[in-house]
Amino acid sequence: MDSFLDFVNTIPWWAWVIFALGLVAIRDIFLQRTHTITHNYPIVGHLRYWLESIGPEMRQYFVANNREELPFNRIERSWIYASAKQENNYEGFGTDRDIYAHQHIFIKNRLLAFKVPENHPNTKDKTFLPCAKVIGAFNKRKKPYRPASVINVSAMSFGSLSAAAVKAMNKGVAKSGAYHNTGEGGLSPYHKRGGDVVFHFGTGYFGVRNTEGGFSLDKLISLTTENPCIKAVEIKLSQGAKPGKGGVLPAAKISREIAQIRGVEIGKDVLSPATHSAFSSVPELIELIEEIAEGTGLPVGIKGAIGKLDQWEELADLMKKTGKGPDFITVDGGEGGTGAAPPSFADHVSLPWVYGFSSLYKVFQERDLTSRLVFIGSGKLGFPAKAAMAFAMGIDCINVAREAMMSIGCIQAQVCHTNRCPTGIATQNKWLQRGISVPLKADRLAQYFKTFRKEFLEITHAAGYEHPCEFTMEDIHVNVDDDYLHSDLKLTYGYEKTQVPFRGMQELVDCNYLGGKVFSGNQ
Ligand SMILES: Cc1cc2nc3c(=O)[nH]c(=O)nc-3n(C[C@H](O)[C@H](O)[C@H](O)COP(=O)(O)O)c2cc1C
């Protein structure tokens with residue numbers, strides 16, 4: 001034995017390296033049949049796979065220019081990071097954007113900006129910007145709700161996000177007066193950290209499902225009664241990244257905790273079908289909305305990505321005829337994010353936000369229904385200028401998903417579907433989650449929302465208005481590639497939005513249904 005160890009000790013380090021490479025070469029040539037490149041070019045072939053794996057990071061850090069990347073370019077990400085950290089989020093020397101580029105947005109400023117009077121709510125709190133409409137007011141729901149923030153956290157479930165991320169987001173919305181949409185995974189303990197909540201369910205009915213996997217109204221009623229933080233219910237019909245696509249939650253991902261929150265069995269794959277079992281026609285959808293509203297007292301809305309309009313028209317016709325229907329509609333753009341979707345869906349199914357929303361809004365406007373609905377938009381709208389365009393088109397509130405993730409540290413690694421999110425946000429890996437400091441990240445989300453609202457208000461004032469609900473289609477221009485070169489939204493999309501009845505910010509402060517408890521002027 002000693003002589004063998006003495007012999008091993010005499011072998012130089014480079015001989016070990018050659019020996020190891022020899023083993024890799026034998027494996028590449030004789031033992032594996034899956035990679036042609038490594039078979040044909042043993043050892044060096046591995047370099048190709050390694051370079052391919054670090055390519056996205058290399059491009060992000062060294063190659064791509066400031067405005068080049070998608071879904072969010074470096075300037076957009078940096079603006080969110082700086083806003084969330086309360087750092088300097090300005091840019092010097094002037095814009096680095098090609099402002100003649102196709103679809104570039106211009107907001108028309110007024111000669112004299114809106115002057116905020118003394119004792120105005122925004123003199124006391126420059127970030128106070130609630131929704132100008134009350135959700136559920138028209139339908140006289142028992143518990144109407146006015147979101148205290150025009151920017152809110154979009155549907156993302158506990159399951160697709162980590163417990164630490166959900167906790168940070170909920171504490172963040174509590175600090176900024178916004179609401180937190182649960183996403184499809186049910187109401188977890190991490191959603192109950194003080195923020196207003198919109199309870200969202202899809203075809204899996206997680207958290208409100210019966211033993212057969214169908215929808216249970218009784219469960220929803222007890223859930224909302226036991227959790228007064230729930231201010232509204234959202235039925236998911238589709239989302240921009242994967243409309244009409246079901247999903248499987250693999251047994252391996254179902255921990256005891258997730259099983260309990262979602263109301264599913266441990267050890268069995270769980271199917272989210274492509275379609276709902278609780279209704280199969282538009283009249284049945286309206287019936288369900290009314291049953292939920294009646295049973296819970298809460299406003300009820302629907303979320304959808306826009307494609308064909310025939311069933312939306314049927315919905316609008318029935319709403320007009322019966323006086324019933326959703327209190328709010330969340331319109332998600334085809335550019336929307338997801339935890340996981342096939343690229344063929346994410347890239348091609350459903351319309352981009354501006355095309356989808358403009359066609360949908362007209363359906364409701366033609367039937368004189370826009371005033372009774374609250375329109376919520378999502379799809380890369382978490383930037384003040386984009387939001388101004390959305391408000392001019394008829395939106396009353398926006399939801400943000402990936403922007404909220406970035407405010408708590410997401411680096412756009414785009415690996416949400418692998419459970420290996422390096423920032424601990426979109427993973428169930430306990431080690432990776434431990435890197436998240438919940439109090440710090442809660443502050444960051446709150447700060448991003450407040451900075452967003454402050455800048456959005458400043459843009460609104462520059463255009464001569466007190467509240468962004470006053471933006472009209474003629475206030476915003478986009479570059480178009482035809483003889484006009486640029487045109488206002490009214491001409492581009494062929495409608496003018498219905499005026500939102502707004503009688504001053506003070507009325508919103510005084511509203512009994514105002515959610516969140518954050519207006520610093522009252523403290
Ligand atoms: C990680 C993740 C999980 C999501 N989960 C849901 C979901 O459960 N239900 C849903 O309707 N949308 C879900 N979405 C879509 C978002 O709610 C949102 O509609 C979309 O990302 C557009 O907003 P954004 O551009 O601000 O990200 C998810 C998005 C992400 C990034």
Side-chain angles (χ1 to χ4, degrees), residues 70-73 76-77 80 151-162 165-166 169 178-188 191 198-207 233-247 249 258 261-262 272 276 301-306 328-341 345-346 350-354 356-357 376-383 386-387 390 395 397-408 410-421 423-428 445 448-449 452:
L70 286 167
F72 297 92
N73 63 45
E76 290 170 328
R77 296 198 308 270
I80 294 176
I151 179 167
N152 300 284
V153 174
S154 196
M156 288 181 287
S157 60
F158 165 57
S160 73
L161 297 189
S162 65
V166 175
M169 285 187 184
Y179 64 72
H180 187 178
N181 189 310
T182 59
E184 284 186 75
L187 181 77
S188 74
H191 288 107
V198 171
F199 182 77
H200 165 112
F201 66 82
T203 57
Y205 306 112
F206 297 127
V233 176
E234 182 176 76
I235 305 174
K236 175 184 167 174
L237 302 176
S238 58
Q239 77 180 87
K242 46 176 180 180
K245 170 95 182 77
L249 184 66
I258 289 186
I261 294 165
R262 296 200 176 201
S272 279
H276 276 271
I302 52 177
K303 172 173 179 174
I306 313 302
F328 67 97
I329 298 181
T330 306
V331 177
D332 201 24
E335 59 272 69
T338 171
F345 267 81
S350 83
L351 296 174
W353 193 83
V354 278
F357 181 75
I376 302 172
S378 56
K380 294 168 68 171
L381 297 177
F383 304 92
K386 281 277 215 56
I395 278 297
C397 262
I398 64 163
N399 281 350
V400 291
R402 290 163 296 175
E403 296 91 318
M405 289 166 73
M406 285 189 273
S407 75
I408 64 164
C410 162
I411 58 167
Q412 192 170 270
Q414 294 174 266
V415 290
C416 313
H417 58 298
T418 64
N419 205 28
R420 290 201 304 269
C421 169
T423 58
I425 295 171
T427 177
Q428 297 306 306
L445 181 117
Y448 160 53
F449 277 11
F452 171 95

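We number each residue from 1, following the sequence as shown. Just so you know, ligand 1 is whichever comes first in the structure, and atom 1 is the first atom listed for that ligand.
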The atoms of ligand 1 lying under 4.0 Å from a heavy atom of D332, numbered in the order shown, are 18 (C), 19 (O), 20 (C), 22 (C)
Value for NZ (K245) from OG1 (T203), rounded to nearest 0.5 Å, stands at 10.5 Å
Of all the atoms in ligand 1, which lie at a distance below 4.0 Å from a heavy atom belonging to R402? 24 (P), 25 (O), 26 (O), 27 (O), 31 (C)
Do any nitrogen or oxygen atoms of S154 lie less than 3.5 angstrom from nitrogen or oxygen atoms of ligand 1? yes
Taking distance alone, with no angle check, do S238 and ligand 1 share an N/O pair under 3.5 Å? no
Find all atoms of ligand 1 within a distance of less than 4.0 Å from any non-hydrogen atom belonging to G183, and give their numbers and elements. 8 (O)
Which of the atoms of ligand 1 are close to H200, meaning less than 4.0 Å from one of its heavy atoms? 9 (N), 10 (C), 11 (O)
Looking only at the side chains, is there a donor atom on one of S154 and N181 sitting less than 3.5 Å from an acceptor on the other? no
Considering all heavy atoms of both residues, which atom of I425 and which atom of M405 are nearest to each other, and what is their separation? CD1-O, 3.6 Å
What do you reckon, does A426 put a non-hydrogen atom under 4.0 Å from ligand 1? no
Side chain, backbone, both or neither: which applies to E335 and ligand 1 if a contact is any heavy-atom pair less than 4.0 Å apart? neither
Given side chain to side chain contact (heavy atoms under 4.5 Å, CB included), test I398 with K386 step by step and report yes or no. CA-CA 10 Å; I398 64 163; K386 281 277 215 56; over 6 Å; no
Starting from atom 12 (N) of ligand 1, find the nearest protein heavy-atom neighbour and note its residue, name and distance. K303 NZ, 3.2 Å
In the protein, which heavy atom is nearest to atom 21 (O) of ligand 1, and how far is it? G337 N, 2.8 Å
Does the pair W353 and V331 meet the rule for a side chain to side chain contact (heavy atoms under 4.5 Å, CB included), with working shown? CA-CA 8 Å; W353 193 83; V331 177; 4.0 Å; yes
Any nitrogen or oxygen of K380, main chain or side chain, under 3.5 Å from a nitrogen or oxygen of ligand 1? yes
Walk me through whether N152 and V198 qualify under side chain to side chain contact (heavy atoms under 4.5 Å, CB included). CA-CA 10 Å; N152 300 284; V198 171; over 6 Å; no
Rounded to the nearest 0.5 Å, what separates atom CZ in R402 from atom OG in S407? 13.5 Å
Taking distance alone, with no angle check, do C416 and ligand 1 share an N/O pair under 3.5 Å? no
Return a yes/no value for S160: is any of its N or O atoms, backbone included, closer than 3.5 angstrom to an N or O of ligand 1? no
For the residue pair Y448 and F452, does the interplanar ring angle fall in the parallel (under 30°), tilted (30 to 60°) or perpendicular (over 60°) class? perpendicular
Considering only heavy atoms of K236, which atoms of ligand 1 have at least one such atom less than 4.0 Å away? 9 (N), 10 (C), 11 (O)
Interatomic distance, CD@E76 vs CG@L70, rounded to 0.5 Å, equals 8.5 Å
What protein heavy atom lies closest to atom 8 (O) of ligand 1? Include the residue and the distance to one decimal. E184 N, 3.1 Å
Report, in ascending order of atom number, the atoms of ligand 1 lying under 4.0 Å from any heavy atom of E403. 24 (P), 25 (O), 26 (O), 27 (O)
Decide whether E234 and T330 meet the rule of one side-chain donor and one side-chain acceptor closer than 3.5 Å. yes
Run down the list Q239, M406, M156 and name the one with the heavy atom closest to atom 10 (C) of ligand 1. Q239
Just wondering, do I376 and K303 contact through their side chains at under 4.5 Å, heavy atoms? no
Would you mind listing which atoms of ligand 1 come within a distance below 4.0 Å of any non-hydrogen atom of G339? 1 (C), 2 (C), 3 (C), 30 (C)
Between I261 and F206, does the side chain to side chain contact (heavy atoms under 4.5 Å, CB included) criterion hold? Intermediate values first, please. CA-CA 8 Å; I261 294 165; F206 297 127; over 6 Å; no
Please confirm whether A155 comes within less than 3.5 Å of ligand 1 when only nitrogen or oxygen atoms on both sides are compared. yes
Note the single closest protein heavy atom to atom 23 (O) of ligand 1, along with its residue, its atom name and the distance in Å. G379 N, 3.6 Å
Hey, what's the ring geometry for F383 with F72, parallel, tilted or perpendicular (30° and 60° as the breaks)? tilted
Pairs of nitrogen or oxygen atoms closer than 3.5 Å, one from A401 and one from ligand 1: do any exist? yes
